[in-house]
Amino acid sequence: MIWTELRSGMATALEAAGLLTSERLARLELAIPREPSHGDWTTNLAMAIAKDAKRPPRLLAEELAKAYPLGGSIGAVEVAGPGFLNFRYTDAFVASLPARILGEGESFGRSEHGAGEAILVEYVSANPTGPMNVVSARAAAVGSTLVRLLDAAGYAAAGEFYVNDAGNQVDLLGASVAARFAQRLGLEREVPEGGYQGQYLHALAAQLPEADGRAALDAPEGAKWFRDQVLSRMVARQKQDLADYGVTFERWFLESTLHQGGAVDETLQTLTGRGMTYRSRGPLGVSEAAQGRVNAEEGAAAGAAEATWLKTFEYGDDMDRVVVRADGRPTYLLPDIAYHRDKRARGFRRAINLWGPDHHAYVATLSAALQACGLERDFLQVLIVQQVNLLRDGVEVKMSKRAGEFVTLRDLIDEVGPDCAKFFFLMRATNSHLDFDMTLARAQKDENPAYYVQYAHARVASVLRKGAEAGLAPEAGEAHAVTHLAEAHLVRKLSTFPEIVRGAAINREPHRIPGYLIETAAEFHRFYHACQIVGEDPVLSRHRLRLCAATQRVLRNGLSLMGVSAPDRLEREAEIPA
RNA sequence: GCGCCUGUAGCUCAGGUGGACAGAGCAACGGAUUUCUAAUCCGUCGGCCGGAGGUUCGAGUCCUCCCAGGCGCACCA
């Protein structure tokens, strides 16, 4: 990997200048300049450490350039501007890169950066109380891509879905279905206060086996039967929808197992053993900002009795939090802590959670609670997946679960298709709000970047077919020097893929991948127009076919990271006369 | 009131831990196909990067304040 080569080369140069320290090397930033005349790679290190090294940046840069050990893939180092160091590939490297990419195949782009560190990415984790919405669709696209990115960057990554199958909401859900089931039998039974009204529950109630359901209606423990029935069916449906979307998880973790297995109780004991809990009518640790809120609630019925509090304030939360209510029932916080202890106990060094924007305030609380429990401060990393502003024909679609009026993941799959939906979600930075116009994504296919990239891939396939007809295989033949500027630009773009993947993984920014792929596709399309690929000269033809095949490999590897298909043919459907 | 996210071209958005002239797609306009898929390519038009200060060799990027939009501040999950 070029990044590694440059880094060790710069270490050598620093040492020669008598400036090598790990701090200075840590400040090394290697970037790929936008402007080709600035080289294939560039660094501002000389400017960054000039003050510290007490030398003028420009002179320092010249010294480092002189001491840089050329060879390998780098053929020249130039000093430019106020002290940039610009690196250029050797012609031999550029000539041989396509063959190397083909040789590496699926592995091109992978690195050992993570050194096998285990990371668990928890995402979607939608409540099993209704169909999944577009935010879940966005989270699913981002989360699954993040797992693949981390894996490609050398981490041992796994994806997990946390099923909230315990607590009031689920009981309410069961009771709501029980009511629908009773109504189906012609009995009088209302959906309970605060229960679920969605149409999907009618359908679900209709699927329940009638004899068992009848028995459960009369049985004392019957509510449990309905709850378990609806849970297993809702989870199965979530699994199916996500699978159809192309997203699968290493594990579906049931919250109920934490309660049943004693992990929740054990967590409370651990916290208490660490001196992190206390009994009180109100929080003892409170920030000034939160004090007003606490005062406002004083005297409320809920706060009158003595509860068990956790000292999250000590670890940066706004105030201490209740973990066990006065009546002995744990709050949601306790099983959440237990769940994350479980993640750590399974050997994961880091937990990355993708949450919706409505949970951002909870980040500080959970993070503090985990530290109170003894977990590493950097164990939990939360990425907020911002909301999706859904449009149809440019008009906002108001989403209301209660009114049953919302667009589901299933609708997206059916109306837009998994490839386009995922590509669109992944194009945007995860933590920024995004507009998603279903009409645009579906109807104006020509404007969809997903097709742009897929088309480049299919176009290569077409060219390779053409080459095969002429008896030319891209794998054969000697390395060939670049003969056209468009080729050089394309090779240069392909060479940066591993660095793009690495950067996307360590910064948890999947949107860098589609951005890169769009640029790569653009370089390919330009090359395609500028150069005839299969021509009279078999040596040149093979060389260009090899470049095509390498491009296809990079596009396929990138699309595969995104969970988007890479078709060998992409043809516009024939217009069907009305 | 406090906190989080956002504010860059007409629209949707990129702009690695500050760096070399602010980019892409769409929209608008004008071109390119006797040749490997025109779902393509080339060109033109379009920006006081929300506003005001500050930090420094250098700020779209960092700090402070203000403005605007979204979201959140439970012994609900």
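These numbers were taken from a predicted model, which means no experiment stands behind them. Naming: A, B, ... by sequence-line order, numbering from 1 per chain.
Using a 90° window around 0 for the glycosidic torsion, B/G7 falls outside it and is classed as anti.
In this structure, A/Thr430 and A/His511 have side chains that are not in contact, with every pair of non-hydrogen atoms separated by 4.5 Å or more. Within the 4.5 Å cutoff, the side chain of A/Thr42 has no heavy atoms near those of the A/Leu85 side chain. Contact check for A/Leu559 versus A/Ser565: no side-chain heavy atoms found under the 4.5 Å cut-off.
Of the candidates A/His340, A/Glu160, A/Gln381, A/Asn353 forms a side-chain hydrogen bond (donor to acceptor under 3.5 Å, both in side chains) with just one, namely A/His340.
Put simply, CG on A/Asn127 is 11 Å from P on B/A77, counting in whole angstrom units. The nearest whole Å value for the distance from the NE2 atom in A/His433 to the C1' atom in B/G69 is 9 Å. Between A/Gln454 atom CD and B/A38 atom C1' there is a gap of 18 Å when expressed in whole angstrom units. The separation between A/Glu519 atom CD and B/C41 atom P is 13 Å, rounded to whole Å. For the pair A/Trp355 CH2 and B/C73 P, the interatomic distance rounds to 13 Å; values are reported in whole Å. Whole-Å rounding puts the A/Asn389 CG to B/G7 P distance at 15 Å. Taking atom CZ of A/Arg428 as the reference point, atom P of B/C26 lies 13 Å away to the nearest angstrom. Spacing between atom CZ of A/Phe313 and atom P of B/C2 amounts to 17 Å, rounded to whole angstrom units.
Under 3.5 Å, the side chains of A/Glu523 and A/Tyr528 contain no donor-acceptor pair of N or O atoms. Between the side chains of A/Asp419 and A/Gln454, at least one donor N or O lies within less than 3.5 Å of an accepting N or O. A side-chain donor-acceptor contact under 3.5 Å links A/Thr483 and A/Glu487. Using a 3.5 Å distance cut-off with no hydrogens or angles, the side chains of A/Thr277 and A/Thr272 do pair a donor with an acceptor.
Checked against the 6.0 Å centroid criterion, the rings of A/Phe161 and A/Phe253 do not qualify as a close aromatic pair. In this structure, A/Tyr451 has its ring center at least 6.0 angstrom away from the ring center of A/Phe423.
Among the heavy atoms of the strands lying under 4.0 Å from A/Asp568 is at least one base atom, whether or not backbone atoms are also near. Within 4.0 Å of A/Ala307, counting heavy atoms only, lies at least one base atom of the nucleic acid. A/Arg27 comes within 4.0 angstrom of nothing in the nucleic acid, heavy atoms only.
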In B/S/- notation, 5' to 3', how is nucleotides 15-20 of chain B contacted by protein heavy atoms closer than 4.0 Å? SBBSBB
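Neither OP1 nor OP2 of B/C26 sits under 4.0 Å from any side-chain N or O of A/Tyr451. Look at A/Ser541 and you won't find any side-chain N or O under 4.0 angstrom from OP1 or OP2 of B/C36.
With hydrogens and angles ignored, no donor-acceptor pair under 3.5 angstrom links the side chain of A/His359 to the base of B/G72. Not a single donor-acceptor pair, N or O on each side, falls under 3.5 Å between the base of B/A39 and the side chain of A/Tyr455.
Ring geometry, A/His525 versus A/Tyr455: the interplanar angle falls under 30°, so the pair is classed parallel (tilted spans 30 to 60°).
Taking atom P in both B/C42 and B/C4, the straight-line distance is 43 Å, to the nearest Å. Rounded to the nearest Å, the gap between the C1' atom of B/C62 and that of B/G70 is 25 Å. For the P atoms, the distance from B/G60 to B/U55 is 16 Å, rounded to whole Å. Taking atom C1' on both nucleotides, B/U6 is separated from B/A14 by 15 Å, rounded to a whole Å. B/G46 and B/A38 have their C1' atoms separated by 26 Å, given to the nearest Å. Look at the C1' atom in both B/A24 and B/U34: the space between them is 34 Å, to the nearest Å. Taking atom C1' in both B/U33 and B/U17, the straight-line distance is 47 Å, to the nearest Å. The separation of B/G69 from B/A32, taken at their C1' atoms, amounts to 44 Å, rounded to a whole angstrom.
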Derivation and outcome, salt bridge (charged side-chain N to carboxylate O under 4.0 Å, His left out), residues A/Asp171 and A/Arg227: CA-CA 6 Å; A/Asp171 291 339; A/Arg227 187 197 63 194; 3.5 Å; yes
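Contacts of residues 525-535 of chain A with RNA chain B (heavy atom under 4.0 Å): A/His525, A/Arg526, A/Tyr528, A/His529, A/Cys531, A/Gln532, A/Ile533, A/Val534.
Nearest nucleotide to the A/Lys466 side chain, out of B/U6, B/C36, B/U40: B/C36. Counting only heavy atoms from C-beta on, A/Asp435 has its side chain closest to B/C13 among B/C13, B/C36, B/G72. Of the candidates B/A14, B/C5, B/A39, B/C5 carries the atom nearest the A/Asn431 side chain, counting heavy atoms from C-beta on. Distance from the side chain of A/Asn168 is smallest to B/A77 among B/U40, B/G70, B/A77. The listed nucleotides are B/C5, B/C71, B/U12; the one nearest the side chain of A/His360 is B/C71. Distance from the side chain of A/Trp309 is smallest for B/C75 among the nucleotides B/C36, B/U6, B/C75.
A cation-pi arrangement is absent between A/Arg279 and A/Trp309, since the terminal nitrogen or guanidinium carbon is not both under 6.0 Å from the aromatic centre and inside a 45° cone about the axis.
For A/Arg27, the CZ atom is loosely surrounded, since the number of other residues' heavy atoms within 6.0 Å does not exceed 12.
When the nearest nucleotides of RNA chain B are assigned to A/Arg321 and A/Ile384 by heavy-atom distance, the more 5′-ward of the two goes with A/Ile384.
For RNA chain B, each stem of at least three Watson-Crick or G-U pairs (distances under 3.5 Å) is given as range with range: B:1-7 with B:67-73, B:10-13 with B:23-26, B:28-32 with B:40-44, B:50-54 with B:62-66.
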